[in-house]
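Quick notes on the structure that follows.
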Amino acid sequence: MRNRLLLILIIINIFLAGCWDQHQLVNKTLVNGISFDLTEEGKIHATVRALNIKSKGGGQFEIEDELVSAERPTLAGLGIDINSMTAGQVDFSQAHIILIGDELAQNGILQLLDPFYRGKDSNIVAKIAITKGKAEDIISSEKEKSPIAFFILQTIEEAEESTLLPEETIFTVWTNILTTGKDFILPYLEKGESDKIAIAGVALFNGDKFSGKTLSKEQSSLLLLLLDQLKKTNNMELMLNQASEEDRSIAFSTRKMKRNMEIKVDKTSGDITCNIDISIQIEVNTYPQNLTKDLNIKKLNKEISVELTNQAKEVIAILLQANCDAFGIGMRLANTHPDLWKKMNWDEDYKNVQIEPKVNVSIIKTGAVY
């Protein structure tokens, strides 16, 4: 008798669990991606890409891909408008991608992210990206790849593993915004050829505002190395040239690296210098050459080092133009020179910091044959 009672309780729990799951899924609109844009009238235009799950009975479901938009002067009320245009309750907890148009992002993104920080069911590890032009054009594209948010998510995560994009989420952006003396960078997406969604590089921020300045994919990779954020690997290619030789191309992967960052303050002049030295070990992937000549690795190391150092200087010049303190120099000064920091206006003084990068390259592999 006791065993029969135990068996009945187990069966009841199984069926109750099934009803609970069904109640969570059926007649809901699951938002998987959201875009925000600025309209010509100065309003906020929000668009959600969602899956509407309907029960057909007998355990069968019908899934419809939906695209719903709404406009308001501010963010308040947009969720209500979108909810009123969909069947069933809208669930924003499964939103994996937040796309923000570059024009709107220049006004600040904190106001757009505020609901995600307050909602107890928000997905705080959702990815954020800035788009070249309207974000809606991207969230509404490639319907054959529905839900498009997962395709964008996968693209960003693969780029993070390749040290092409920074690993940022809604949560990390929040901590960066609240950190004094440190700015962040975000993925920058565009519609490429044939309207395919592509990574254009990274967008540079000052506080929570997009500066309007961006780095290309190649510059983004180099910046992430300078930031000591090497992931599994980092693939780059360069054009090397000498006065006596034709341009030569080389492609390589970074396997290991070390970084040293040192900040100095001149007590007399108050000038601030930041030296960033990185040493990277690379594996050559392609290097077309005259095979009758031996490869002079020492010479090649020097050429690549000089070229990458020059490119690093260009990246830092753009960072200074954008007033983007991605290295957190201000944060370090606040900790090591608190009296000096209190006298400074970092928005103005950061542009005067002398940032000196240096890249040292060591080739550790040239391939199985060479």
Side-chain angles (χ1 to χ4, degrees), residues 105-106 108-110 128 130 163 165-169 171-188 201-216 218-231 234 257-280 305 308-360:
Q106 293 185 49
I109 65 172
L110 184 57
I128 310 173
I130 308 303
T163 323
L165 293 178
E167 194 171 344
E168 295 285 4
T169 64
F171 178 74
T172 62
V173 165
W174 178 63
T175 57
N176 275 312
I177 290 175
L178 296 182
T179 302
T180 302
K182 190 174 188 303
D183 295 312
F184 58 90
I185 59 178
L186 288 178
Y188 190 53
V202 292
L204 308 181
F205 275 73
N206 174 237
D208 79 319
K209 292 182 172 61
F210 172 43
S211 65
K213 299 287 184 182
T214 61
L215 296 179
S216 67
E218 294 77 12
Q219 291 171 325
S220 172
S221 288
L222 184 53
L223 174 59
L224 291 174
L225 291 183
L226 294 169
L227 291 170
D228 200 13
Q229 293 183 11
L230 175 65
K231 296 296 182 181
N234 171 264
M257 68 165 291
K258 289 184 179 179
R259 187 191 77 154
N260 181 53
M261 178 171 151
E262 187 178 15
I263 299 173
K264 297 179 180 178
V265 179
D266 189 301
K267 293 182 179 179
T268 304
S269 63
D271 292 341
I272 300 169
T273 304
C274 177
N275 294 310
I276 303 173
D277 295 344
I278 61 172
S279 298
I280 61 175
S305 299
L308 286 179
T309 298
N310 289 335
Q311 291 193 12
K313 290 178 179 178
E314 294 175 4
V315 168
I316 287 171
I318 298 173
L319 283 174
L320 291 172
Q321 291 171 13
N323 219 10
C324 176
D325 184 7
F327 295 106
I329 298 172
M331 181 180 64
R332 289 204 181 191
L333 282 174
N335 293 329
T336 57
H337 299 76
D339 293 336
L340 174 65
W341 177 254
K342 291 177 183 177
K343 299 175 185 176
M344 301 183 78
N345 179 352
W346 195 236
D347 275 344
E348 296 296 329
D349 295 328
Y350 170 63
K351 297 175 182 176
N352 299 321
V353 176
Q354 296 295 317
I355 305 176
E356 299 292 342
K358 185 177 181 181
V359 183
N360 296 295

Short side-chain to backbone donor-acceptor contact, Asp183 and Gly207, under 3.5 Å: yes
Exercise: identify the closest heavy-atom pair between Ala312 and Leu222: N-CD2, 3.4 Å
Side chains of Ile272 and Met344 in contact at under 4.5 Å (non-hydrogen atoms): yes
CG-CD distance between Leu215 and Glu314, expressed to the nearest 0.5 angstrom: 11.0 Å
Stepwise side-chain contact (heavy atoms from CB on, under 4.5 Å) check, Ile177 with Phe184: CA-CA 8 Å; Ile177 290 175; Phe184 58 90; 3.6 Å; yes
Distance (rounded to the nearest 0.5 Å) between Phe205 CZ and Lys182 NZ: 13.5 Å
Distance (rounded to the nearest 0.5 Å) between Gln354 CD and Glu356 CD: 6.0 Å
Close side-chain approach of Leu223 and Ile185, heavy atoms under 4.5 Å: yes
side-chain contact (heavy atoms from CB on, under 4.5 Å) between Thr214 and Ile130, intermediate numbers included: CA-CA 10 Å; Thr214 61; Ile130 308 303; over 6 Å; no
Audit row: Leu230, Leu224, side-chain contact (heavy atoms from CB on, under 4.5 Å) steps and yes/no: CA-CA 7 Å; Leu230 175 65; Leu224 291 174; over 6 Å; no
Distance in Å, Ile109 CD1 paired with Trp174 CH2, rounded so as to fall on 0.5 Å steps: 14.0 Å
Working for side-chain contact (heavy atoms from CB on, under 4.5 Å), residues Arg259 and Leu226: CA-CA 7 Å; Arg259 187 191 77 154; Leu226 294 169; 5.7 Å; no
Main-chain N/O of Asn345 paired with Glu348 side-chain donor or acceptor, under 3.5 Å: no
Minimum side-chain heavy-atom gap Lys258-Ile278 below 4.5 Å: no
Listed once per pair and sorted, the side-chain hydrogen bond (donor to acceptor under 3.5 Å, both in side chains) pairs that draw on residues 268-279, sequence neighbours left out: Asp266-Ser269, Ser269-Asp271
Val202 vs Pro166 side-chain heavy atoms within contact, under 4.5 Å: yes
Phe171 CZ to Asn176 CG distance, which is reported to the nearest 0.5 Å: 10.5 Å
Thr172 side chain to Glu168 backbone, donor-acceptor under 3.5 Å: no
Contacts under 3.5 angstrom, residues 316-337 side chains, donor-acceptor by atom type, not counting sequence neighbours:
from   : atom 1 : to     : atom 2 : distance (Å)
Asn323 : ND2    : Asp347 : O      : 2.9
Asp325 : OD1    : Gly328 : N      : 3.1
Asp325 : OD1    : Ile329 : N      : 3.0
Asp325 : OD2    : Ile329 : N      : 3.1
Asp325 : OD2    : Gly330 : N      : 2.8
Asp325 : OD2    : Trp346 : NE1    : 3.0
Arg332 : NH1    : Met261 : O      : 3.3
Asn335 : ND2    : Met331 : O      : 3.2
Thr336 : OG1    : Arg332 : O      : 2.8

Test salt bridge (Lys or Arg N to Asp or Glu O under 4.0 Å) applied to Lys231 and Glu167, step by step: CA-CA 10 Å; Lys231 296 296 182 181; Glu167 194 171 344; 2.8 Å; yes
Nearest non-hydrogen partners of Ser216 and Gln219, listed with the distance: N-OE1, 3.0 Å
For Gln106, side-chain hydrogen bond (donor to acceptor under 3.5 Å, both in side chains) partners two or more places apart: none
Note, Val315 side chain near Lys313 side chain (heavy atom, < 4.5 Å): no
Ser221 side, atom OG; Gln229 side, atom CD - distance, nearest 0.5 Å: 11.5 Å
